[in-house]
Asks: 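Got a structure for you, questions after.
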Amino acid sequence: MPDLFDIEAAAAESSKKIRIDELADLIKKYQNSYYNGEAEISDAEFDRLWDELKVLDPENAVLQKVGQDSGNFKKAVHVMPMGSQEKAANPEQFLSWAKNHAYSEYLVEYKLDGASLELQYESGNLVRAVTRGDGTTGDDISANAKKMQGVKLQLLDSDGCLIPFTGGVRGEVIMTHRIHQELFADKANCRNAANGLMKRKDGKGCENLTLITYDALSSDAFKPFGDEEEKILWLTSAGFNVVPLKICRSAQEVIEYRSSVMEIRKSLDYDIDGLVVKERAINLEDASRTRPDRQIAFKFSLEEAVSVLRSVEWSESGATYTPVGIFDPVELAGTTVQRASLANPDTIRSLGLSIGSHVVVVKRGEIIPKIEGVIKGEGILFPIEYPKVCSSCASELVDEGSRLFCPNKNCAKRILHQLFKWVAVADIRDLGDSLIRSLFASGAVKSISDIYRLNAEVLTPFFLNEASIASEKKSLGAEKVARSVQAHRRMTLPQFIAGFDIEGIGEANAEKLVSAGFDTLEKMLDATVPQMADVYGFGDIMAKTAKSGFEENREEMLYLVNEGIIDLIQASSGKFAGKSFCFTGELDSMKRSDAQALVKNAGGSVKSSVTKDLSYLVTNDTSSGSSKNEKARKFGIPVISEKEFLELIKS
């Protein structure tokens, strides 16, 4: 049998190389379409590809290139370098950058979502306009630029006198939302439309474009500004459109400003996709680099937006009441969302949430959105109301901060939810939810142990009417369910524990307890809160919840095992011992549950998500750009096909 560790290492290296090559090709392709006025994807989507390649292969040659314009125009060299900026996709990445760039002031400007253009002046007269190109040389589109709004053919002061400036002025060519809607609605977005127009040989339509400036460099002795703030003021005095400038005194203030800009972003008449953060001093040496280090683009994410919390609903699952925030609809990662889990009462309190709060909503690769923070906003705030009693048994709910729950172990809603959970974990597929509800309502099943007392005689009334029963007809359905129940008496200790529906203690966390030495039911039941709190991934809150759940279900657990109703099997041996698998997408030869059973029978474990300690991700679409595939590649986890998985099973 081949060494699984060798297979894992080889598969990881092969998968990584394939992905690097794929990313490099995609970046080159999309750069080419962008610089030729036919961008196929958004800047945010392009940044994701760039950032992933940077993680996998930071020295890749593609990352050292800016791009290249078409061959439709005469070439010209820039006055100032026009390289790419370092990027921060979220507050955590920005704080990491700011830790090494501790400025007394951070000068913050809008990052315009358009096409870069450099205006070159000699003694105050415009001599040419050059596109970004490869960062050093670009296309001379002077004739087109002269038709654009905001392009100054001469630089004049307030008295109408020529300003003797020789050098470059850099800005972004944009199309306003109004112009896009009125004249170019057939184009995907303002940036694509602007890029296409500015590169037309005949210059047609360039009068519908606007230049907004943000940088300048004097190339002779005349130095009209001494720092970045003075630069913006000078551009304004020379008659240019300029980006708004905000001076922040700390990195945290930059983050708060970003949140406020995100909130007003949709009200602007042009597109921005982030902020540019820099120091006050003009650093020419840093600016000359391909990717300057002393400034950063603090991007807005497709997975982040600002909204207003309108209400809180409380989702009931078993004993637990989970708050769900309802907010004004926002676009996140291509979908419209207006609900996000708030986890527990402590989350509400720590965030300082109220009805009417302006909230930051994120969806960083997750399926369920999350409210991550609160920002200052206008409007009247109202306190969030918490449920006081259980909707099922009317018991007073317990608010432990980390959990709001019904403490009544005999609550009908709690028992029914536990029965559903047990049947799902034990994989008794023929015992469906509707049948469980009927059995519970009739009193035939009131506990987990009652499930294993079911036989064809008990089940028949739930399949046949009285007349059929009176004629002594047999129910094939009842017999099938009875056989299915009796065929599912063997399970691992983690499965057994997970079946009791203890808050937060699913199969994965039960496996952590087993790995920590609590590898028998008795050891697990006798474990103290401090002992469990020391287990990796637990902590005091989860340990306390686990202990409470064990005590509540101790009698039933011991009865099932000691009476031989459930046979606990050891999962510490087998070819997949210590290995974990995650399955995503459709399988061809079997159901996903059957594949998961193969893993468990071979001593392995199954995970529902991709984590750093996952051994394999199994999918029949190994080259897709799904979030699970991308996360696996990021962590260097082998992504294997169903065929490769079956070969591992057989080996």
Asks: What residues, two or more places apart in sequence or in another chain, satisfy ring-ring contact (aromatic ring centres under 6.0 Å, His included) together with Phe500?
Replies: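 Scan of Phe500 (ring-ring contact (aromatic ring centres under 6.0 Å, His included), adjacent residues dropped) gives Trp422, Phe496.
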Asks: Salt bridge (Lys or Arg N to Asp or Glu O under 4.0 Å): which pairs involve residues 342-357, sequence neighbours left out?
Replies: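 The answer is Asp346-Arg349, Arg349-Asp399.
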Asks: Counting C-beta onward and ignoring hydrogens, is there a side-chain heavy-atom pair between Val481 and Phe463 closer than 4.5 Å?
Replies: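 The answer is yes, as the side chains (C-beta and beyond) meet within the 4.5 Å cut-off.
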Asks: Donor-acceptor pair, Gln495 side chain versus Met491 backbone, under 3.5 Å?
Replies: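 Here the side-chain-to-backbone pair does not exist.
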Asks: Quick one: do the Gln418 and Asn553 side chains pair a donor with an acceptor below 3.5 Å?
Replies: yes
Asks: Can a side-chain donor-acceptor contact be found between Thr619 and Asp621 if the only test is distance below 3.5 angstrom?
Replies: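 Thr619 and Asp621 do not have a side-chain donor-acceptor pair below 3.5 Å.
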Asks: State whether a side-chain donor-acceptor pair under 3.5 Å links Thr320 with Arg403.
Replies: yes
Asks: Side-chain donor-acceptor pair under 3.5 Å between Arg489 and Gln486, yes or no?
Replies: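 The answer is yes; a qualifying pair exists.
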Asks: Anything under 3.5 Å between a donor and an acceptor, one on a side chain of residues 431-445, the other on a protein residue two or more places apart or in another chain? List them.
Replies:
residue	atom	partner	partner atom	Å
Ser438	OG	Ser434	O	3.1
Ser442	OG	Ser438	O	3.3
Ser442	OG	Leu439	O	2.9
Ser442	OG	Ala444	N	3.2

Asks: So, Asn620 side chain and Glu642 main chain: donor-acceptor pair closer than 3.5 Å or not?
Replies: yes
Asks: Check whether Ser357 reaches the backbone of Ser354 with its side chain - one donor and one acceptor, N or O, closer than 3.5 Å.
Replies: yes
Asks: In Å and rounded to the nearest 0.5 Å, what is the CG to CD distance from Leu558 to Glu522?
Replies: 6.5 Å
Asks: Between Ser449 and Ser447, is any side-chain donor less than 3.5 angstrom from a side-chain acceptor?
Replies: yes
Asks: Do the charged groups of Arg554 and Asp526 touch, with an N to O distance under 4.0 Å?
Replies: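 A salt bridge is present here (some side-chain N lies under 4.0 Å from a carboxylate O).
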Asks: Within the side chain of Lys413, is there an N or O that forms a donor-acceptor pair under 3.5 Å with the backbone of Ser391?
Replies: no
Asks: Go through Phe645 and Phe583 one step at a time and tell me if the ring-ring contact (aromatic ring centres under 6.0 Å, His included) criterion holds.
Replies: CA-CA 10 Å; Phe645 166 70; Phe583 294 85; 5.2 Å; yes
Asks: Just by distance, do the side chain of Thr347 and the backbone of Ala343 share a donor-acceptor pair under 3.5 Å?
Replies: no
Asks: Is the count of non-hydrogen atoms from other residues, nucleotides or ligands lying under 6.0 Å from Leu646 atom CG greater than 12?
Replies: yes
Asks: Check each of Val360, Leu342, Ile348, Val362 against Ile371 using the side-chain contact (heavy atoms from CB on, under 4.5 Å) test, and report the only one that passes.
Replies: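 Filter result, single survivor: Leu342.
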Asks: Using a strict 4.0 Å threshold on nitrogen-to-oxygen distance, state whether Arg429 and Asp594 make a salt bridge.
Replies: yes
